[in-house]
Amino acid sequence: MERTGTTRRQALMATGAATAAALTGCTSAAVGARPRTAPDGVPAETVLRQRSAARSGALLGRYDAALIAHPELAARLAPLRAAVALHAKALAPAPDPAAPSPRTTGRGGPSPAPSQAGSDPDAALRELAAVERSTADAHTAALAGASPEYARLLASVAAAGAVHAYLLTKGAR
C-alpha cells in the first residue's frame, strides 16, 4: 500500500521551518545585536554599568548594616565586604573626565540602618546570603546585554557572589 499526502515527518519539518521563519521575522534587529544607546542618549554600556554598580553598592550597604548590628561577625564578614567593595568599584562606569569630580566621603551614600540586618547573627547571615544570591542572579541576567569584556567581569562577580552566599550559609560549618 502506497502512502498519499503528507507524512508526519514532512509536517513536523514544515512546522519547524514556519516557526523559525515567524520568529526571525518578529525581530527588528540582528540576532545578538545590542542597543548602543539608551532612550535618553546615554550609552547602553554606561547604563548597564550604573545598574550593576548600584546593585553591588546596595549589597555593600547590607554588609555595613550587618556589621553595625552584629559587630561579633566582623572577622567573618570583613573579607567578604572588602571583595564586594572592590566589585562595586570595578563594575562602575569610568568617570567622565569632563564632568566635575563629586565630593564623596566613604561609600558616598547614607549610613546603613541597622534595621536592615537580621535580629540575630544567624538571621543576618541568612539575609546577607539571600541578597548575595539575588545580586549574583541580577549580574548573571545582565550578561546578555553586556559587551564581551564587561560580560566576563559580570560573570566573575556573579560567581564570587555565589561563593559568598555559600560561605555565609554553609561554608563556616
Side-chain angles (χ1 to χ4, degrees), residues 31-40 42-97 99 101-173:
V31 175
R34 292 187 266 316
R36 296 185 189 272
T37 60
D40 58 359
V42 177
E45 181 83 8
T46 301
V47 173
L48 180 61
R49 284 180 170 270
Q50 289 169 340
R51 287 182 187 150
S52 299
R55 283 184 198 108
S56 288
L59 176 60
L60 186 61
R62 297 299 290 262
Y63 271 95
D64 290 343
L67 286 167
I68 289 170
H70 306 287
E72 66 273 17
L73 295 174
R76 187 169 178 188
L77 296 182
L80 301 177
R81 185 207 176 277
V84 169
L86 291 173
H87 296 160
K89 183 177 179 183
L91 291 171
D96 183 7
S101 61
R103 295 181 184 179
T104 60
T105 58
R107 267 192 321 108
S111 297
S115 62
Q116 289 180 330
S119 58
D120 62 69
D122 288 335
L125 292 175
R126 284 191 303 274
E127 288 176 16
L128 270 176
V131 176
E132 279 278 11
R133 275 188 223 99
S134 68
T135 303
D137 290 346
H139 290 323
T140 301
L143 290 173
S147 66
E149 179 184 351
Y150 195 62
R152 287 188 292 273
L153 177 61
L154 279 172
S156 296
V157 171
V163 170
H164 288 184
Y166 173 78
L167 292 173
L168 288 167
T169 56
K170 300 174 183 134
R173 293 181 187 175

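The OG atom of Ser147 sits 8.0 Å away from the CG atom of Leu48 when rounded to the nearest 0.5 Å. Rounding to the nearest 0.5 Å gives a distance of 8.5 Å between CG of Leu168 and CZ of Arg133.
The aromatic rings of Tyr63 and His164 sit perpendicular, their planes meeting at an angle over 60°, well past the 30° parallel limit.
Across all non-hydrogen atoms, the minimal contact from Ala136 to Ala162 is CB-N, 4.1 Å. Scanning both residues, Ala53 and Ala92, for their nearest heavy atoms gives CB-CA, 3.6 Å. Nearest approach of Ala146 to Leu154, heavy atoms of both residues: CB-CD1, 4.0 Å. Looking at every heavy atom in both residues, Ala74 comes nearest to Leu67 through CA-CD2, 3.5 Å. Shown here for His70 and Pro121, the closest heavy-atom pair between the two residues is CE1-N, 3.7 Å.
Just one of Thr169, Asp120, Leu73, Leu167 meets the side-chain contact (heavy atoms from CB on, under 4.5 Å) condition when paired with Leu125; it is Leu73.
Without hydrogens or angle criteria, Ser52 side chain to Arg49 main chain gives no donor-acceptor distance under 3.5 Å. Put simply, the side chain of Tyr150 never gets that close to the backbone of Leu143: no donor and acceptor are under 3.5 Å apart.
For the 3.5 Å distance criterion, the side chains of His139 and Ser56 qualify, holding a donor opposite an acceptor.
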